[in-house]
Protein chains: 2
Amino acid sequence: MATGRNHRPATRSRGIPEATVARLPLYLRALTALSERSVPTVSSEELAAAAGVNSAKLRKDFSYLGSYGTRGVGYDVEYLVYQISRELGLTQDWPVVIVGIGNLGAALANYGGFASRGFRVAALIDADPAMAGKPVAGIAVQHTDELESIISDNGVSIGVIATPAGAAQQVCERLVAAGVTSILNFAPTVLSVPDGVDVRKVDLSIELQILAFHEQRKAGEEAEAAASRKGPDGDMPAVMPA
Amino acid sequence: MATGRNHRPATRSRGIPEATVARLPLYLRALTALSERSVPTVSSEELAAAAGVNSAKLRKDFSYLGSYGTRGVGYDVEYLVYQISRELGLTQDWPVVIVGIGNLGAALANYGGFASRGFRVAALIDADPAMAGKPVAGIAVQHTDELESIISDNGVSIGVIATPAGAAQQVCERLVAAGVTSILNFAPTVLSVPDGVDVRKVDLSIELQILAFHEQRKAGEEAEAAASRKGPDGDMPAVMPA
DNA sequence: GATTGTGAAGTACTTCACAGCT
DNA sequence: AGCTGTGAAGTACTTCACAATC
């Protein structure tokens, strides 16, 4: 996961489990692909395979949204696309600001899948005066001084932090003070935010460390397996040479 | 979570829960910061605050590693740094290849926190012949043709995919065939891999959609709260004007 | 007196398996 | 006959709360 949460664990969002919410975008992507191929209906089995989950989980997930399928048939692709989009709030437009236009910020600004799903890059913000005015992904970078006015003028509620770690908390506080209530943090820091503000984090280094853990374990298991091949307690009476 | 897993859920990794493994890097980062400030010991309460979790969870997490604390005192910072590093496999060197040197690939190559923790960028690989030989983050980009020889010559077991979605599955298959067994996928696609290969995914678009869901819900709750302010069942007998 | 380490209780999520609908 | 929707069972994770230890 590359993910940090910040939700009151008590009140579950309109009865939809967090784990289900996290999978809806996955289903939506798979459904969009089917829709583009003009596939009219899909079974839980097929859709689950496309999304990389098992079908019981998918059906349970959909059951939280309502009964949108037809027994014996499956799900109507277009209808599901609409229902999930609506549930995720993608039928409205979300202006987003990206703060910190280094390599990563530029990559995010250029990321296509951004615009496609209701998200619009309202502004790119950087602390370096030399960056101000420079176009990145067709948008002129603005200076951090403008942060507050950009947020309020554009009604921005989602901010992306792609600054160095040292600047992240301060940027976060300014975003929140200006009215941002959801933050996607790429800086390798724990952000502290007031109640009611959601933070999700994406952290390359953490993901690699988790992979390293499992990678190391694989090496260990191989060694173990090799060892147990020599002298296991198998279904044969093990007689050691005296 | 910008996170996808691929683990046999039955056999838990050396008894350490996956959720715990995912937090170890977080503790390690907090501990490293303390170490740099030459703080000798830290209590579960303090460390938990720095890592953004609660202290009971942290103690439980550490209990899976062993009894590394001292009652009445806390944890020795240096010792814990070492133990967690070892557990995560960071005491060894992990050569990593990054495939797809666009904006994002370049950002990853330049990411400092990379090298700091046992990870070494062994090669940058791109399919564009025009990129070949160009230096990015001080390393000459190599052509995809070289992928197999790079992997085997450097003993690479971790690969990072930062290609467009369309190329990801094919790149993934080549990486796996060449010997990579852990993949960090930034392309917005579900990768299918054989058993024994770990995939974690980082997906900007999914993270934003999850934020949008909660953002939308906040708007809904405000409306609800406003409505219930008008006529709730509070601790006062509500007498409506007739 | 302070703080860890951990059983036990509580909560969240997953999977099973089958009744119910088309 | 096929496929969904869902209670019930199973598993994983979190939190509590306190005995053990320094």
Side-chain angles (χ1 to χ4, degrees), chain A residues 1 3-24 26-27 31 39-77 79-80 83-84 210, chain B residues 1 3-24 26-27 31 39-77 79-80 83-84 210:
Chain A
M1 169 179 351
T3 343
R5 267 134 240 205
N6 190 39
H7 301 121
R8 54 235 93 163
T11 28
R12 217 167 49 184
S13 345
R14 173 124 169 262
I16 303 181
E18 192 55 33
T20 296
V21 172
R23 281 187 295 267
L24 292 180
L26 223 52
Y27 301 145
L31 284 162
V39 176
T41 61
V42 67
S43 70
S44 62
E45 202 71 53
E46 292 165 326
L47 185 54
V53 304
N54 80 44
S55 64
K57 194 186 279 180
L58 177 142
R59 288 199 302 278
K60 190 63 129 180
D61 283 343
F62 286 176
S63 79
Y64 294 113
L65 309 184
S67 289
Y68 294 152
T70 308
R71 289 164 203 241
V73 179
Y75 299 93
D76 182 280
V77 172
Y79 186 58
L80 248 194
Q83 290 298 344
I84 295 178
I210 296 171
Chain B
M1 169 179 112
T3 340
R5 267 135 241 205
N6 192 41
H7 302 121
R8 56 235 88 159
T11 28
R12 218 168 48 182
S13 348
R14 171 124 172 263
I16 302 181
E18 191 56 32
T20 296
V21 172
R23 281 187 296 267
L24 291 180
L26 223 53
Y27 301 145
L31 285 164
V39 176
T41 61
V42 67
S43 70
S44 62
E45 202 71 53
E46 293 164 326
L47 184 54
V53 305
N54 79 42
S55 64
K57 195 187 277 181
L58 177 142
R59 287 199 303 276
K60 189 63 128 181
D61 283 343
F62 286 177
S63 79
Y64 294 114
L65 310 184
S67 290
Y68 295 153
T70 308
R71 290 164 202 239
V73 179
Y75 300 92
D76 182 278
V77 171
Y79 186 58
L80 249 194
Q83 289 299 344
I84 295 179
I210 296 171

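Model, not experiment: these values are computed from the prediction. To find a chain, count down the sequence lines: A is the first, B the second, and so on, and within it residues start at 1.
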Nearest-angstrom distance from the residue atom [atom1] of [X] to [atom2] of [N]:
| X | N | atom1 | atom2 | value |
| --- | --- | --- | --- | --- |
| B/Glu18 | D/dC13 | CD | P | 7 Å |
| B/Tyr27 | C/dT4 | OH | P | 13 Å |
| A/Phe62 | C/dT15 | CZ | C1' | 17 Å |
| A/Tyr79 | D/dT4 | OH | C1' | 15 Å |
| A/Leu80 | D/dC3 | CG | P | 16 Å |
| B/Leu47 | C/dT3 | CG | P | 14 Å |
| A/Leu65 | D/dT6 | CG | P | 11 Å |
| B/Asp76 | C/dT4 | CG | P | 13 Å |

Nearest non-hydrogen partners of [X] and [Y], listed with the distance:
| X | Y | result |
| --- | --- | --- |
| B/Ser44 | B/Leu58 | CB-CD2, 3.7 Å |
| A/Tyr75 | A/Ser43 | CD1-C, 4.5 Å |
| B/Val42 | B/Leu31 | CG1-CD2, 4.2 Å |
| B/Ile84 | B/Leu24 | CG2-O, 3.9 Å |

Handout entry: Side chain of A/Lys60 (C-beta onward), nearest among D/dC13, D/dC3, D/dG7
Key =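 Within the option list, the nearest is D/dG7.
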* From D/dT15, D/dC13, C/dT14, nucleotide with atom closest to A/Lys57 side chain ->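 Closest nucleotide among those given: C/dT14.
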Side-chain donor-acceptor pair under 3.5 Å between B/Thr41 and B/Asp76, yes or no?
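The answer is no; no qualifying pair exists.
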Item to complete: Would you indicate what B/Tyr75 reaches in the nucleic acid, counting non-hydrogen atoms under 4.0 angstrom: base, sugar-phosphate, or nothing?
Response: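 Sugar-phosphate: the residue B/Tyr75, judged by heavy atoms under 4.0 Å, touches backbone atoms but no base.
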Check your understanding: For C/dT4, does either OP1 or OP2 sit under 4.0 Å from a side-chain N or O belonging to B/Ser44?
Key ->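 B/Ser44 to C/dT4 OP1/OP2: side-chain N or O found under 4.0 Å.
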Report task. Return no unless some side-chain N or O of A/Asn54 is found under 4.0 Å from OP1 or OP2 of C/dT14. Result ->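 Looking at the OP1 and OP2 atoms of C/dT14, neither is under 4.0 Å from any side-chain N or O of A/Asn54.
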- Between B/Gly74 and A/Arg23, which is nearer to the 5' end of DNA chain C once each is assigned its nearest nucleotide?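 Going by which nucleotide is closer to the 5' end, it is B/Gly74.
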Q: Would you sort out whether A/Tyr68 and A/Phe62 count as a ring-ring contact (aromatic ring centres under 6.0 Å, His included), showing the intermediate values?
A: CA-CA 8 Å; A/Tyr68 294 152; A/Phe62 286 176; 8.2 Å; no
Hey, what are the protein-to-nucleotides 18-20 of chain C N/O distances that come in under 3.5 Å?
from	atom 1	to	atom 2	distance (Å)
C/dG20	N3	A/Arg71	NH1	3.1

Derivation and outcome, side chain to side chain contact (heavy atoms under 4.5 Å, CB included), residues A/Arg23 and A/Val53: CA-CA 9 Å; A/Arg23 281 187 295 267; A/Val53 304; 4.0 Å; yes
